[in-house]
Amino acid sequence: MTGPLRVVAVTYSPGEAIEGLLSSLRRATTRPLDVVLADNGSTDGWPERVAAGADDVRLLPIGGNVGYGPAANAGLADLLTGWAVVVNPDVRFEDGAVDELLAAAARWPRAATLGPAIHTPEGALYPSARDLPSLSTGIGHALLGWAWPSNPWTARYRREREAPRERPAGWLSGSCLLVDLEAFHSVGGFDPGYFMYFEDVDLAERLGRRGYLHVYVPTAVVVHEGGHATRREPHRMQRVHHTSALRYLSGQYPRRRHAPLRWVLRGGLGARMLTSYVSARVGAGAQPQQRAEQLPGRRRWRRR
């Protein structure tokens, strides 16, 4: 591959975490970079500061907080072919991680998206490569995951009872994705109707209907701090999360005869949302059941 690799980071007052992302990116690939900070109205000055100090980083002001998917779309709008990375600003790449994803892309010619293993700073392995949510697994996961993370519905949905391996998945976490731009644009990119959450599920489902694959690559590893938006506006983010879940699930049952089911989904998700306002445990959902030391080639995990 020749030419710089486009990397789009959606920023919203990211703080100094953006410096960690950029420094780790330069160790994650041998390719030159073209980093676009699709900025949703930051007020902390960090996107401007890092863009001014680097030749391979530029700022794309979106004009307001339009959400994750729409900002990512804007950052990719001028590039129609090749590969690009979409990433959260609080992600840190381990050395060579982007090149690992690009190598896997060559092994999977029908892959539209490829995602790395994602772990927390404490070493919990986030279940970032899941099956598409069905009605049964979705209900079981939503009702029981927060109290019984290893329940069979959550385990089936998140596939945490199998060792991490390179494989197709129903969908991959949008916090870090390598994207085939031709495939991405063929379905119109992320649905702008999702402000945050489930835009990655929806994208994967639409691409899957066209015969594309989504491939989990656990030999590529990133660390994701996560939770910035939730900590700043916990109730709003819970409302957005449940609204996005309703939008996605209702979209799977669009016919008039499905109207009673959509009302049941609305009531159930609304009740769970209200419960999450008063219970941080419910709001946090099912905790990860695997550790980073279970990744291929790692006998033990060391905090970096």
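When the shell of 6.0 Å around CH2 of W153 is examined, it contains 12 or fewer heavy atoms from other residues, nucleotides or ligands. At most 12 heavy atoms of other shown residues, nucleotides or ligands fall within 6.0 angstrom of atom CD in E182. Around CG of D55, the count of heavy atoms belonging to other residues, nucleotides or ligands within 6.0 Å does not exceed 12. Within a 6.0 Å sphere centred on CD of E16, other residues, nucleotides and ligands contribute 12 heavy atoms or fewer.
None of Q289, H141, R130 except one satisfies the side-chain hydrogen bond (donor to acceptor under 3.5 Å, both in side chains) rule with T154; the exception is H141.
Counting only distance, with no hydrogens or angles, the side chain of R206 and the backbone of G189 share a donor-acceptor pair below 3.5 Å. Looking only at distances, a side-chain donor or acceptor of Q290 sits under 3.5 Å from a matching main-chain atom of E160. Side-chain atoms of S279 do not come within 3.5 Å of backbone N or O of S276 as any donor-acceptor pair. Side-chain atoms of R92 never come within 3.5 Å of backbone atoms of P121 as a donor-acceptor pair (strictly under, hydrogens ignored).
Two residues are said to be in side-chain contact when any heavy atoms from C-beta on lie closer than 4.5 Å; L172 and L177 meet this criterion. Inter-residue side-chain proximity for Y248 and P133 is flagged as met; some heavy-atom pair is nearer than 4.5 Å. Between H214 and P168, the closest side-chain pair of non-hydrogen atoms is not below 4.5 Å. L80 is not listed as a side-chain neighbour of L181, based on a closest heavy-atom distance of 4.5 Å or more.
A donor-acceptor contact closer than 3.5 angstrom is absent between the side chains of Y68 and D200. Looking only at atom types and distance, the side chain of T219 has a donor-acceptor partner in the side chain of E100 under 3.5 Å away.
For R247 and D202, the salt-bridge test fails: no basic side-chain N is under 4.0 Å from an acidic carboxylate O. Taking a cutoff of 4.0 Å between a charged side-chain nitrogen and a carboxylate oxygen, D99 and R31 do not qualify as a salt bridge.
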